[in-house]
2 protein chains.
Amino acid sequence: MSVAYEHPRPALTVDCVVFGLDEEDLKVLLIRRELEPFRGRWALPGGFVRVDEALDDAARRELAEETGLSGVFLEQLYTFGALGRDPRERVVSVAYCALVKLGDHRVKAATDAREAAWFSVDDTPALAFDHEEIFAMALERLKGKVRYRPIGFELLPPKFTLSQLQRLYEKILDRPLDKRNFRKKALGTGLLVELDEVEQDVAHRAARLYRFDRRKYERLERDGFSFEI
Amino acid sequence: MSVAYEHPRPALTVDCVVFGLDEEDLKVLLIRRELEPFRGRWALPGGFVRVDEALDDAARRELAEETGLSGVFLEQLYTFGALGRDPRERVVSVAYCALVKLGDHRVKAATDAREAAWFSVDDTPALAFDHEEIFAMALERLKGKVRYRPIGFELLPPKFTLSQLQRLYEKILDRPLDKRNFRKKALGTGLLVELDEVEQDVAHRAARLYRFDRRKYERLERDGFSFEI
DNA sequence: GAGGCTTAGTGTGTACCTTACACCATGTCA
DNA sequence: TGACATGGTGTAAGGTACACACTAAGCCTC
């Protein structure tokens with residue numbers, strides 16, 4: 001198929017910055033480029049927006065095609081449109097941010113036909129295009145957002161301990177938090193449900209498990225509640 | 001000039017939501033469309049992005065062409081890419097937000113060859129395309145942003161009184177603020193310079209004039225200061 | 001089974017920030 | 001000169017943010 005326009009127009013792409021949390025690290029999902037330019041370099045998953053496809057759908061589709069991830073909550077981050085950011089031609093890219101529970105997605109990404117892999121956010125390879133700039137902005141946004149939205153809960157398994165939650169926030173914010181104050185605040189949101197279970201198979205006192213009260217969160221969010229951590 | 005591509009691609013536009021402040025109201029700058037679709041309807045100023053033009057430049061250029069405003073601080077807001085938002089063809093629009101001192105710009109906009117006018121934000125006409133959605137998001141963003149960034153200063157003349165500043169914040173936030181607390185905070189930022197002048201020609205005690213210390217603001221902003229109001 | 005190791009779990013005091021609140025000062029105008 | 005309109009000022013109380021250290025529980029090993 002070929003098509004003609006009166007004036008040249010920029011190409012439009014989407015790129016996704018997908019964060020996941022490991023026992024150890026906050027990670028970001030990258031793919032290795034199979035084509036020029038930047039063939040063999042790591043890059044954010046993404047690609048061209050089809051003319052009959054909404055931006056969000058394009059982001060979800062590209063993410064699924066390139067990494068196998070689906071059902072991910074994607075949020076628009078920023079649109080990058082500097083001249084020369086793609087050596088081939090003028091390309092404007094709408095960047096999206098996503099958060100996933102790493103445990104749910106580790107295998108899929110690793111076994112997909114295309115090479116996709118999780119990298120610790122403070123040990124990423126050189127990226128294609130201006131993707132380092134996009135990634136840096138996404139990480140900044142994540143750090144800001146995590147302070148007033150309980151998005152951290154999205155990154156944990158359904159049942160988790162308060163220490164896991166705290167470690168998660170420490171990884172994202174990249175600084176230590178006080179245990180007592182953290183627990184006070186986390187429980188103070190009223191969004192955690194204490195379960196009648198504790199951790200299994202740990203070589204020390206087992207911690208109580210909690211789950212996130214998603215319904216309550218949605219109710220409060222609708223009513224404009226705030227959630228500083 | 002005509003150009004062919006292998007695949008059809010969305011058209012790319014920019015739209016600008018420009019806020020200004022009046023003695024009375026927070027206003028938004030609209031233009032009346034001269035062409036189909038939505039001919040005669042009011043709309044946000046904006047237009048097509050040229051293939052050799054950065055997004056920010058396109059927004060500044062369109063704003064200047066359509067309303068005569070230049071030298072405006074523009075900030076990217078969000079990118080709107082739903083299907084069917086333009087009846088002609090697929091158009092993706094990068095929306096920008098701008099803040100201007102209304103006094104400086106009132107005449108230019110009104111006397112420009114194209115019809116452009118300021119509307120009170122709570123009395124806008126029906127808008128073309130999905131511009132009402134864009135406008136609503138911009139207003140939300142403005143309300144949020146004004147709380148932790150001293151952007152309010154951009155909306156006043158170079159010399160202003162604390163009452164004017166307070167009224168501005170009250171208009172934007174759409175709620176009354178306590179005078180003493182407001183003055184404490186505003187002066188507490190250290191960003192206001194007290195001048196040796198007072199208002200002229202008022203039928204009551206004249207208020208002291210202040211100016212915004214832009215240099216200090218830029219210095220603090222670079223160092224990651226915060227400015228809750 | 002005792003002692004040590006590891007992580008879980010808990011409360012208080014202080015400093016600061018937020019908010020509520022009322023009166024006198026100054027200039028204009030009639 | 002008195003009334004009117006807005007300018008300009010401080011304090012007290014309550015709440016929030018933060019710093020800080022010890023005991024509890026379970027497992028392991030010796």
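We use all heavy atoms of the structure for the numbers below, so side chains are in, but hydrogens, waters and symmetry mates are not. All figures in this text were calculated on a predicted structure; none of them were measured in a lab.
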Can you give me the N/O atom pairs linking the protein to nucleotides 25-30 of chain C at distances under 3.5 Å, or say none if there are none?
residue	atom	partner	partner atom	Å
dA25(C)	N3	R205(B)	NH1	3.0

Worksheet entry | Working for ring-ring contact (aromatic ring centres under 6.0 Å, His included), residues Y210(B) and F160(B) | CA-CA 5 Å; Y210(B) 291 81; F160(B) 52 87; 7.1 Å; no
Fill in: Spacing of L162(B) atom CG relative to dT6(D) atom P, expressed in whole Å
16 Å
Worksheet item: Angle, rounded to 10°, between the helical axes spanning five pairs at each terminus of the helix from dG1(C)-dC30(D) to dA30(C)-dT1(D)?
Response: 0°
Discussion item. Would the distance check show the side chain of E199(B) and the main-chain N or O of A207(B) forming a donor-acceptor pair, the cut-off being under 3.5 Å?
Written reply: yes
Worksheet entry | By ring-ring contact (aromatic ring centres under 6.0 Å, His included) - contacts of F129(A) (at least two apart) | F38(A), H131(A)
Worksheet item: Is R208(B) near enough to dG7(D) that one of its side-chain N or O atoms lies under 4.0 angstrom from OP1 or OP2?
Response: no
Worksheet entry | Length of the line joining F182(A):CZ and dG11(C):P, which is rounded to integer Å | 18 Å
Discussion item. Looking at Q166(A) and L177(A), would you say the former's side chain and the latter's main chain have a donor-acceptor pair under 3.5 Å?
Written reply: yes
Got a list of side-chain donor-acceptor pairs under 3.5 Å for residues 132-141 of chain A, not counting sequence neighbours?
residue	atom	partner	partner atom	Å
E132(A)	OE2	L127(A)	N	2.8
R141(A)	NH2	L77(A)	O	2.6

Worksheet item: Where the side chain of Q200(A) meets the backbone of V198(A), is there a donor-acceptor pair that is under 3.5 Å apart?
Response: yes
Worksheet item: Just how far, in rounded Å, is P of dT7(C) from CZ of F160(A)?
Response: 20 Å
Item to complete: Measure the distance from NZ on K185(A) to P on dT16(D) and round it to the nearest whole Å.
Response: 11 Å
Discussion item. Output the rounded distance in Å from CG (L165(A)) to P (dT7(C)).
Written reply: 18 Å
Worksheet item: Rounding to a whole Å, what distance do you find between E194(A):CD and dG9(C):C1'?
Response: 11 Å
Worksheet item: Considering all heavy atoms of both residues, which atom of F19(B) and which atom of W118(B) are nearest to each other, and what is their separation?
Response: C-CZ3, 4.0 Å
Response to the item:
Rounded to whole Å, the CD-P distance (E197(B) to dG7(D)) equals 17 Å
Worksheet, complete the sentence: Exactly one of V14(B), V92(B), T79(B) clears side chain to side chain contact (heavy atoms under 4.5 Å, CB included) with T79(A), and that residue is T79(B)
Fill in: R214(B) and E218(B) ion-paired at < 4.0 Å
no
Worksheet item: So, is S163(B) near the phosphate of dG7(D), with a side-chain N or O under 4.0 Å from OP1 or OP2?
Response: yes
Practice prompt. Can you sort out the partners of K159(B) under salt bridge (charged side-chain N to carboxylate O under 4.0 Å, His left out), two or more places apart, ordered by chain and number?
Written response: E197(B)
All N/O contacts under 3.5 Å from nucleotides 20-22 of chain D to the protein, with atom names and distances to one decimal?
residue	atom	partner	partner atom	Å
dC20(D)	N3	R180(A)	NH2	3.3
dC20(D)	N4	D178(A)	OD2	3.1
dA21(D)	N1	R180(A)	NH1	3.3

Worksheet item: Between S93(B) (side chain) and A95(B) (backbone), is there a donor-acceptor pair under 3.5 Å?
Response: no
Item to complete: In whole angstrom, give the distance that lies between atom CZ of R183(A) and atom P of dA17(D).
Response: 19 Å
